[in-house]
Amino acid sequence: MRRWLQLHVSNCTSSLLDLRSQPIATVLTVFVIGIALALPGALNLVVQNGRNLAGSWESARDFSVYLVPGSELSAAEKLSTELKKRKLIESVQIIAAEDALLEFRETSGLGEVLDVLDSNPLPHTLVVRPDDSASGEQLAAIGEELDKRPEVDIVKLDTQWVERLNAILDFLNRVVIIATLLLVAAVIIIIGNTIRLDIQNRRDEIEVLKLLGASDGFVRRPFLYVGLWYGLMGGIVALLLMFIGGWFLTGPLERLIGLYDSELRLLGLDFTSAMTMVAGGVLAGWGGAWTAVSRHLAAIQPH
Amino acid sequence: MTMIRFDNVTKRYDGGGEALRNLSFEVARGEMVFLTGASGAGKSTLLRLIALIERPTRGQVFVDGQNVGKLSQRQVPRHRREIGVVFQDNKLLTDRSAFDNVALPLIIRGVSDRDIPRRVRAALDQVGLLKKEKQRPGTLSAGEQQRVGIARAVVGRPKLLIADEPTGNLDPWLSLEVMKLFGRFNEIGVTMLVATHDLNLLSRIKGRRVQLENGEVVTPEDDALVF
């Protein structure tokens, strides 16, 4: 057992030394692998941030019911009590026309203009927050029904575009899955091909090893370790690329979010995803090496 | 006790003629046997059947009591480890030192790192190349390269050593040295089977001769004269 371990360790390190003997080729291969791994990682991050964003806007499922201008506050209260009794509705908040005007005066900076008006142009408003279980269709039905009431002027539903965003994100998620599969396949092919060339270059050596009685495992092992190293280094390069990209984009993005006055926090690459990416690289490296080795080593026989 | 036994062995190459025809012969344990015959007589094929580089078309080959034709492809490496082989073109790895070349069979056998240097140096010492262990084959003379190949063949302490034209690329004087070296291994109990067409050389070395002609054994007339 110790001997076996010793053999693996020596294979592992000597294959790394082999890679160091041709630095440029190795660096290029590792970078290609790194880029191929970083792309799906980055796409995934974009989609996750989008989901996060959409999630934070889920609260924007609220809809506003504007009453006909000039209607009494009691009409608003009556409608509110009625709505509260309904299923699918979590809460109803009344914004009286006077309060709305005050708030508008404060936030809009149009105070002086408003002074010119002799009456309040704003209606009483109900902010209706639906239950989480309410579907988009159910919300739309409620909205439509409210719209038909005589005391209601306009019903403004904000849900539709959130749903569209979610649909886009669902679609993008699939795109990420496909991209990930394709790029991982690319990594396997790149590593497989690199190792195939390596096997061809060392044909004589492999023949001699086989003549001297080396088992298939013995001949195979160094190549598998080379694949593993490629995958590991590619994974690390992918992480570096993502960190650099993240560092480059975070500033402007946070400013953008700030402008939208959002509490949103950007999702960075978490530890688990980072490790998954490196582990994916290692597995793809090993897998690529395995495909090359199983196809090409057996063909080399001493003659 | 037989080390090698061929029972009516025929070897036919794809698209070629019969390299061996219904050949039978034996090598006893501890024996020194020279395979002679013109090139194309089947000497190499016979050795390749022993090392399982080829498999017989018909007949059976026994090495140390084992019917090698029955060995599966997975068992071939183990079989090859039991045999030391010296090649005409020495088949050394040119990008590694003499030491590393000789160490290969030990690494393949999984000998511990602690024991490897001692055994490699012992083998290099036997062929008189201890001082050149760090040199690569390219910087060694043809004779020295062949001796590195021999050190590599014996470092695993095989019971049987086969050599295919080991002196093919050497001048007469170096050839004699190599043959004497083989003699010394034989004296310590290694069974030797050496293919050579150099009859001149053999006249100066003791050992049984087996002559091949067109894939068949022809008993040399002077068999009795040889020790």
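Protein chains get the first letters and strands the later ones, always in sequence-line order, with residue 1 at the start of each. What you see is a predicted model, and the numbers here were worked out from it, not measured in a lab.
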More than 12 heavy atoms of other residues, nucleotides or ligands under 6.0 Å from CZ of B:R55: is that the case? yes

When heavy-atom pairs shorter than 4.5 Å are enumerated against chain B, which of A:V219, A:L209, A:D204 gives the highest number? A:L209

Can you tell if the side chain of A:V208 reaches within under 4.5 Å of the side chain of B:L93, non-hydrogen atoms only? yes

Would you say CZ of B:F25 has more than 12 non-hydrogen atoms from neighbouring residues, nucleotides or ligands within 6.0 angstrom? yes

Can you tell me how far the CD1 atom of B:I108 sits from the NZ atom of A:K210, to the nearest 0.5 Å? 11.5 Å

In this structure, are over 12 heavy atoms from other groups packed under 6.0 Å from B:H79 atom NE2? yes

Need one label for B:R152: side chain, backbone, both or neither, based on atoms under 4.5 Å from any heavy atom in chain A. side chain

Step through the shown structure and confirm whether more than 12 heavy atoms of other residues, nucleotides or ligands are within 6.0 Å of CH2 on A:W229. no

B:R80 side chain to A:A214 main-chain N or O, any donor-acceptor pair under 3.5 Å? no

Is it the case that atom CZ in B:R29 sees more than 12 heavy atoms from other parts of the structure closer than 6.0 Å? yes

Find the distance between CG (B:L104) and CD (A:E205) and round it off to the nearest 0.5 Å. 7.5 Å

B:L106 side, atom CG; A:L212 side, atom CG - distance, nearest 0.5 Å: 10.5 Å

I'd like to know whether CZ of B:R58 has more than 12 heavy-atom contacts from other residues, nucleotides or ligands below 6.0 angstrom. no

Just wondering, are more than 12 heavy atoms of other shown residues or ligands nearer than 6.0 Å to CZ in A:F171? no

Where along residues 132-141 of chain B does a heavy atom come under 4.5 Å of chain A, listed by residue number? none

Mind checking which of residues 183-195 of chain B sit less than 4.5 Å from chain A, heavy atom to heavy atom? none

